[in-house]
Amino acid sequence: MAKPRTTGTLLLALPLCGQLAWAQTASAADWTHRLPALDGAANATPAASGADAVPADSMLDNPASPAAASGVAAPGTATSAAEPLPSLPALFKAALDNDAKLASQRYEAEASQQNVPMAEAGLKPQVKASAGYIYQQSDNYYTNNPAYNPDNELSRVGSDYEARYQGVTRDQTWQLQLTQPLFSLERWRKVGKAEAQSAAAELKVAVGERDLALNVAKSYLDAFLASRKLGLLDAKRKSLELQVKQAKRAYDLGVGDRINLLEARSRLDQAVSDTLQAENELDNALSALERLTGRLPRFDGSTLGDLATVDLPSDWGTADDWLSRTADNVEVKLGKQQQKVAEAETGVRAAGHYPELNLNLSYSDRSSNDPFRESRDASASVQLDVPIYQGGYTSASVRQGELSARASHASYTNALKLARQEVRTRLRSLDGDVRQVKALQRSIESSRLFLQAAEKGQQLGLRDLVDVLDARAKLYDQRIQLVETIRQYLLDQLNLQAAVGALDTRDLVDTMTLLQRVSG
């Protein structure tokens with residue numbers, strides 16, 4: 001995942017199904033992936049200043065315990081399986097079936113595909129049959145001449161003139177007509193336009209799948225961060241509760257300082273506030289996942305592995321290699337295809353200047369109570385239509401199409417520039433994420449050693465409780481910041497792959513793998 005891949009268009013739905021075996025259990029309905037992890041419970045050693053005190057290193061190394069923070073089991077301590085992480089690939093598969101916006105885009109793409117046979121129909125023979133019945137009353141020479149008698153033997157026509165003499169005729173007609181275009185440039189170009197529109201509609205679906213994958217991944221990472229942050233803050237709160245209890249006992253015994261007690265309570269109140277905020281962030285992230293996937297995953301676990309051993313891939317290759325692949329970005333491809341649609345539309349409009357040649361064949365049959373009106377006709381004709389002047393409509397239409405094509409070209413150029421900018425931004429961000437993680441790992445180790453020194457100094461009376469609280473709060477905050485940076489690293493990684501059109505299910509699986517390592 002760290003190095004560029006030569007992957008084609010997105011279409012995440014296709015490669016997804018083949019890789020779900022990694023992310024799913026034996027049951028097809030189970031959308032969570034059982035990831036093994038360890039959840040340690042470090043032994044607490046009472047401090048010299050009180051029986052209820054808990055050493056800082058044990059509280060910060062084990063969030064599964066009442067005062068834990070990292071989830072790393074100390075040597076020789078009991079371990080238990082951590083709560084499993086929901087399967088990110090499985091959640092994305094559910095989102096593909098659940099997202100209404102994506103479903104709408106799919107139906108629109110299918111509807112757009114019908115433009116092709118509709119356009120091709122204009123090049124094929126058009127056969128039309130018609131039938132009619134005509135009842136007619138008329139005043140004519142026969143009805144207006146009372147002296148006329150159709151039964152007169154001299155007429156030698158008998159009753160053939162009876163219908164005319166009465167002025168009433170009844171006709172039944174039917175006709176079969178065939179029209180075959182022999183030359184029509186406009187109709188030929190409409191086929192090319194329809195094919196371009198169908199391809200553009202398919203790319204819109206690919207863009208929708210990519211956006212859906214990024215939205216699901218972002219909400220998933222937000223939920224993961226909030227759950228781990230909640231675990232750290234909950235451990236911090238419980239640690240401060242013990243610290244407040246210790247400070248109050250020392251104050252009641254007359255050997256403590258009221259300022260230390262007030263400071264400990266203040267830190268505890270702040271930790272409670274931060275915990276409530278983290279709970280709200282987790283609820284919001286889960287709500288977003290439920291909206292996208294139709295499922296409510298559970299992030300019950302709050303354990304963290306040994307964050308000091310997390311090593312993020314940093315070999316991304318050169319920026320030029322990534323920039324050369326931005327043409328595969330699905331939005332860039334869509335912009336290019338929309339430009340082709342606009343150019344095809346201009347061609348259709350320009351074809352209005354050209355003549356059309358059609359072959360017409362027809363056969364008609366008329367039966368009537370007036371034998372002089374009966375007929376059977378067959379005809380064949382070649383018809384040439386030459387547009388000469390339509391008030392300037394065709395010229396204006398062509399000019400409009402040319403301007404639309406220029407607008408589409410500008411949109412394509414803008415999409416390409418945005419993709420290149422996204423690549424540069426994400427590469428810089430990934431480089432910064434890796435360096436920040438390494439710096440935070442060193443800082444956490446230094447803060448842990450400083451906290452141990454501060455606690456020993458408090459026991460010897462060389463430092464007060466405020467120094468200990470500051471050191472402990474800083475260590476908790478650094479761990480939270482480290483998890484936040486890893487989350488941002490994963491988001492940057494996914495967005496970088498999306499920027500070059502290479503985002504697929506493997507990236508979601510790789511994201512799960514790293515989260516498993518972070519969880520312990």
Side-chain angles (χ1 to χ4, degrees), residues 1-3 19-25 32-42 60-64 68-75 77 79-92 216-218 220-232 235 285 297-316 429-445 448 478-494 496-497 505-520:
M1 180 175 178
K3 297 184 178 180
Q19 301 192 31
L20 284 179
W22 184 93
Q24 291 177 298
T25 60
T32 58
H33 172 49
R34 301 293 174 176
L35 298 177
L38 297 179
D39 180 13
L60 289 170
D61 287 341
N62 185 11
S70 72
V72 179
T77 59
T79 61
S80 61
E83 291 292 337
L85 288 172
S87 171
L88 177 56
L91 286 174
F92 173 63
V216 170
K218 181 179 182 303
Y220 185 94
L221 291 172
D222 288 344
F224 175 83
L225 170 63
S227 65
R228 269 49 190 179
K229 184 177 179 180
L230 185 61
L232 287 170
R298 299 180 60 181
F299 286 80
D300 294 334
S302 60
T303 60
L304 288 173
D306 186 2
L307 299 180
T309 62
V310 175
D311 186 20
L312 302 180
S314 57
D315 183 15
W316 297 100
S429 183
L430 282 168
D431 182 64
D433 294 338
V434 172
R435 289 187 286 121
Q436 187 175 3
V437 165
K438 292 180 179 179
L440 284 170
Q441 289 173 335
R442 293 192 298 268
S443 179
I444 288 174
E445 178 61 22
R448 187 183 66 83
Q478 287 172 337
R479 290 175 181 268
I480 292 174
Q481 187 179 0
L482 180 57
V483 178
E484 290 177 342
T485 304
I486 294 175
R487 166 196 169 274
Q488 185 60 45
Y489 169 87
L490 291 172
L491 280 179
D492 290 332
Q493 200 173 49
L494 294 174
L496 177 63
Q497 297 293 348
T505 313
R506 289 178 297 171
D507 299 301
L508 304 183
V509 173
D510 291 343
T511 298
M512 284 286 298
T513 302
L514 182 55
L515 292 180
Q516 178 187 9
R517 289 164 49 197
V518 173
S519 298

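Here, residue 1 is the first one in the sequence, and each next residue gets the next number. Keep in mind it's a predicted model, so treat the numbers as computed, not measured.
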Keeping the roles fixed (side chain from [X], backbone from [Y]), state whether a donor-acceptor pair exists under 3.5 Å.
X	Y	result
Arg228	Ile480	no
Ser227	Ala223	yes
Tyr489	Pro313	yes

query: Going through the checks in order, is the side chain to side chain contact (heavy atoms under 4.5 Å, CB included) test met by Ile444 and Arg479?
result: CA-CA 7 Å; Ile444 288 174; Arg479 290 175 181 268; 4.0 Å; yes

- request: With sequence neighbours excluded, tell me which residues meet side chain to side chain donor-acceptor pair (under 3.5 Å) with Glu484.
  value: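 So Glu484 forms no side chain to side chain donor-acceptor pair (under 3.5 Å) with any residue.
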
- prompt: By side chain to side chain donor-acceptor pair (under 3.5 Å), which residues pair with Gln488, not counting sequence neighbours?
  reply: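 In terms of side chain to side chain donor-acceptor pair (under 3.5 Å), with neighbours along the sequence ignored, Gln488 is linked to Asp492.
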
task: Could you tell me which residues satisfy side-chain contact (heavy atoms from CB on, under 4.5 Å) with Ala226, sequence neighbours excluded, listed by chain and number?
output: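 Only Glu281, Leu282 meet the side-chain contact (heavy atoms from CB on, under 4.5 Å) criterion with Ala226.
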
message: Which residues pass the side-chain contact (heavy atoms from CB on, under 4.5 Å) test with Gln436, not counting sequence neighbours?
response: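 Scan of Gln436 (side-chain contact (heavy atoms from CB on, under 4.5 Å), adjacent residues dropped) gives Leu440, Gln481, Thr485.
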
Report yes if the side chains of [X] and [Y] come closer than 4.5 Å at any heavy-atom pair, otherwise no.
X	Y	value
Lys218	Arg487	yes
Ile486	Leu221	no
Tyr220	Pro86	yes

task: For a side chain to side chain contact (heavy atoms under 4.5 Å, CB included) with Leu490, tell me which candidate from Leu515, Leu312, Val518 qualifies.
output: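 Going through Leu515, Leu312, Val518 one by one, the side chain to side chain contact (heavy atoms under 4.5 Å, CB included) with Leu490 is satisfied by Leu515 alone.
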
- prompt: With respect to Gln441, which candidate in Thr309, Leu482, Leu307 satisfies the side chain to side chain contact (heavy atoms under 4.5 Å, CB included) definition?
  reply: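 Filter result, single survivor: Leu482.
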
task: Any salt bridge (Lys or Arg N to Asp or Glu O under 4.0 Å) involving residues 429-441? Give me the pairs, sequence neighbours left out, ordered by first then second residue.
output: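 Checked against salt bridge (Lys or Arg N to Asp or Glu O under 4.0 Å) - neighbours excluded - the pairs reaching residues 429-441 are Asp431-Arg435.
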
field: Euclidean distance, Phe299 CZ relative to Asp222 CG, rounded to 0.5 Å
entry: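 Asp222 CG to Phe299 CZ: 10.0 Å, rounded to 0.5 Å.
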
Audit row: Ser87, Phe92, side chain to side chain contact (heavy atoms under 4.5 Å, CB included) steps and yes/no: CA-CA 9 Å; Ser87 171; Phe92 173 63; over 6 Å; no

